[in-house]
Participant: 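Have a look at this one before I ask anything.
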Amino acid sequence: MIEFRVLGPVAVCRDRLDITPRAARLRQVLSLLLLQGNNQAVPLDALVDELWGERTPKTAVTTAQTYVYRLRTLLGRARLVTTPHGYLLRAEEDTVDATLFHRRLDEGHRLLEEGDRETAARTFRQALDLWTGAALATVAQGRALQAHAVFLEEKRLHAYELVIQTELELGLHRQLVGELRGLVTTHPLNEWFHAQLITALHRSGRRSEALLAYEHLRAVLDSELGVDPSPEVERVQREVLSIG
C-alpha cells in the first residue's frame with residue numbers, strides 16, 4: 001500500500017518505506033496531483049503554470065511530461081494515468097492524510113449535531129493528529145499549491161476552534177490552558193483563541209492570569225493594528241471582573 005502525506009512535510013510511503021521523491025519539482029507535481037481531489041485529472045497547462053507561473057521556459061511542456069513520467073515510474077503506471085483531460089493520480093481515500101482529515105472533520109460535525117460531544121471531540125482530535133507541520137512543508141508552492149495550503153490551514157484552525165469549544169463545554173478547561181497558550185503564541189492576532197484562553201484560565205480559578213492574558217492581547221492589538229479587543233473579548237473580560 002502507498003500512503004501520501006501533505007499535512008506537514010510531503011511524504012510518500014510504500015509499505016512503511018519512505019519513497020518520497022528527492023527532487024523539489026517532483027514533489028511539487030505530486031502535491032498538485034494529490035490535492036486536485038476526488039481523483040480529478042490535472043491538465044498539463046495547470047502543471048506548467050504551477051511549476052513556472054508567468055516565467056515559462058520553452059521546454060516547459062516537455063519538462064513537465066518528464067516529471068510525470070518519473071512519478072509514474074515511482075508510483076506505478078496503473079496509479080498515475082493519462083486521460084483526455086490531463087494526468088490523474090488514483091489514490092484510495094484512506095491513503096491520503098488530507099482526505100482523512102476532511103472526513104474526520106465532517107464526522108465530528110455530524111456527531112455534534114447528534115449531541116455526542118465526547119465522541120465529536122475525540123474525532124476532531126483524531127483529525128488534528130494527522131498534522132505533522134505546516135501544510136505542504138518542504139514543497140515549493142506556485143499559485144495553485146499556495147491556494148491549497150491556505151485552504152488546508154484554514155480548515156486546521158477551524159478544527160481547533162471546534163475541538164476547543166467542545167472540550168470547554170465538556171468542562172476540560174484546565175487541560176486546555178497549555179494548548180491555548182501555544183495557539184495564541186502561534187496566532188497572536190487571533191482574538192478567538194485569546195478569548196478561549198482567558199475563559200479557560202478563569203474557569204480554572206486563575207483569575208489574575210486571565211486578566212493578564214487579556215492585557216497581553218490588548219497590548220498586542222494596539223501595537224500591531226492600533227485597535228482595541230473585539231466586543232466578544234471585552235465581554236469575556238467583564239465576566240472575569242464580575243467575580244471577586
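Being a predicted model, the structure only gives us computed values, none of them experimental.
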Participant: Report yes or no: does Q146 contribute a side-chain atom to a donor-acceptor pair with the main-chain N or O of Q141 at less than 3.5 Å?
Facilitator: yes
Participant: Which heavy atom of R218 sits nearest to which heavy atom of E215, and what is that distance?
Facilitator: NH2-OE1, 2.8 Å
Participant: Look at the side chain of T132 and the backbone N and O of L7, then say whether any donor-acceptor pair between them is shorter than 3.5 Å.
Facilitator: yes
Participant: Just wondering, do S230 and V233 contact through their side chains at under 4.5 Å, heavy atoms?
Facilitator: yes
Participant: Are the side chain of R14 and the backbone of M1 linked by a donor-acceptor contact shorter than 3.5 Å?
Facilitator: no
Participant: Excluding sequence neighbours, so at least two apart, what forms salt bridge (charged side-chain N to carboxylate O under 4.0 Å, His left out) with R125?
Facilitator: E167, E179
Participant: Under the rule for ring pair (Phe, Tyr, Trp, His ring centres under 6.0 Å), what residues qualify as partners of Y69, not counting sequence neighbours?
Facilitator: none
Participant: Looking only at non-hydrogen atoms, find the nearest pair between I19 and L74 and report the distance.
Facilitator: O-CD2, 3.5 Å
Participant: Less than 3.5 Å apart, any donor N or O on the side chain of T119 or R122 sitting next to an acceptor on the other?
Facilitator: yes
Participant: Please identify each residue that fulfils side chain to side chain donor-acceptor pair (under 3.5 Å) with H85, with sequence neighbours left out.
Facilitator: none
Participant: How would you list, by chain and number, every residue that makes a side chain to side chain donor-acceptor pair (under 3.5 Å) with E224, sequence neighbours excluded?
Facilitator: none
Participant: Is V68 close to T82 at the side-chain level, that is, under 4.5 Å between some pair of heavy atoms?
Facilitator: no
Participant: The criterion is salt bridge (charged side-chain N to carboxylate O under 4.0 Å, His left out); which residues satisfy it with R206, sequence neighbours excluded?
Facilitator: E209
Participant: Of all the heavy-atom pairs spanning R143 and G53, show the shortest one and how long it is.
Facilitator: NH2-CA, 3.8 Å
Participant: Taking the side chain from S223 and the backbone from A219, do they hold a donor-acceptor pair closer than 3.5 Å?
Facilitator: no
Participant: Should E107 and R103 count as an ion pair when the cut-off is N to O under 4.0 Å?
Facilitator: no
Participant: Show the numbers, then the answer: is there a salt bridge (Lys or Arg N to Asp or Glu O under 4.0 Å) between R238 and E234?
Facilitator: CA-CA 6 Å; R238 288 195 297 271; E234 296 283 4; 5.1 Å; no
Participant: Using the test ring pair (Phe, Tyr, Trp, His ring centres under 6.0 Å), find all partners of H216 that sit at least two apart in sequence or belong to another chain.
Facilitator: none
Participant: Does L189 form a side chain to side chain contact (heavy atoms under 4.5 Å, CB included) with L221? I'd like the steps, not just the answer.
Facilitator: CA-CA 7 Å; L189 299 180; L221 291 176; 4.2 Å; yes
Participant: Is there side-chain contact between I2 and T95, with at least one heavy-atom pair below 4.5 Å?
Facilitator: no
Participant: Looking only at atom types and distance, does a side-chain atom of T20 sit under 3.5 Å from a main-chain N or O of V12, one as donor and one as acceptor?
Facilitator: yes
Participant: In plain terms, say whether E92 and R79 are close enough for a salt bridge, that is, a side-chain N and a carboxylate O under 4.0 Å apart.
Facilitator: yes
Participant: Nearest 0.5 Å, please: how far is CG in L33 from CG in L71?
Facilitator: 7.0 Å
Participant: What are the two closest non-hydrogen atoms of R156 and G133, and how far apart are they?
Facilitator: NH1-O, 3.4 Å
Participant: From T166 OG1 over to R117 CZ, what is the distance, rounded to the nearest 0.5 angstrom?
Facilitator: 8.0 Å
Participant: Using ring pair (Phe, Tyr, Trp, His ring centres under 6.0 Å), reason through F151 and H102 one step at a time and then give a plain yes or no.
Facilitator: CA-CA 11 Å; F151 174 75; H102 292 305; 5.8 Å; yes
Participant: Keeping R27 on the side-chain end and V10 on the backbone end, is there a donor-acceptor pair under 3.5 Å?
Facilitator: no
Participant: Does E191 reach the main-chain N or O of P229 with its side chain, forming a donor-acceptor pair under 3.5 Å?
Facilitator: no
Participant: Go through the steps for L157 and F193 under the test side chain to side chain contact (heavy atoms under 4.5 Å, CB included), then give the verdict.
Facilitator: CA-CA 10 Å; L157 288 177; F193 286 147; 3.7 Å; yes
Participant: Closer than 3.5 angstrom, by distance alone: can the side chain of R72 be matched with the main-chain N or O of L80 as a donor-acceptor pair?
Facilitator: yes
Participant: Let me confirm one number: the CG-CG distance from L44 to D49, rounded to the nearest 0.5 Å.
Facilitator: 11.5 Å
Participant: Report the C-alpha distance between E50 and V29 in whole Å, list the side-chain angles of each, state the deciding distance to 0.1 Å, and finish with yes or no for side chain to side chain contact (heavy atoms under 4.5 Å, CB included).
Facilitator: CA-CA 8 Å; E50 169 61 30; V29 172; over 6 Å; no
Participant: Are more than 12 heavy atoms, taken from residues, nucleotides or ligands other than R104, located less than 6.0 Å from that residue's CZ atom?
Facilitator: yes
Participant: Nearest 0.5 Å, what's the CG-CZ distance between L197 and R181?
Facilitator: 5.5 Å
Participant: Which heavy atom in A149 sits nearest to a heavy atom in L136, and how many Å separate them?
Facilitator: CB-CD1, 4.0 Å
Participant: Is R110 salt-bridged to E114, cutoff N-O under 4.0 Å?
Facilitator: yes
Participant: Please find the pair of heavy atoms, one from A127 and one from F101, that lie closest to each other, and give the distance.
Facilitator: O-CD1, 3.3 Å
Participant: Once you round to the nearest 0.5 Å, how far does CD of Q196 lie from OH of Y160?
Facilitator: 15.0 Å
Participant: Applying side chain to side chain contact (heavy atoms under 4.5 Å, CB included), run through Q65 and Y87 and close with a yes or a no.
Facilitator: CA-CA 10 Å; Q65 291 171 332; Y87 299 106; 3.6 Å; yes
Participant: When rounded to the nearest 0.5 angstrom, what distance separates CZ in R174 from CZ in R203?
Facilitator: 11.5 Å
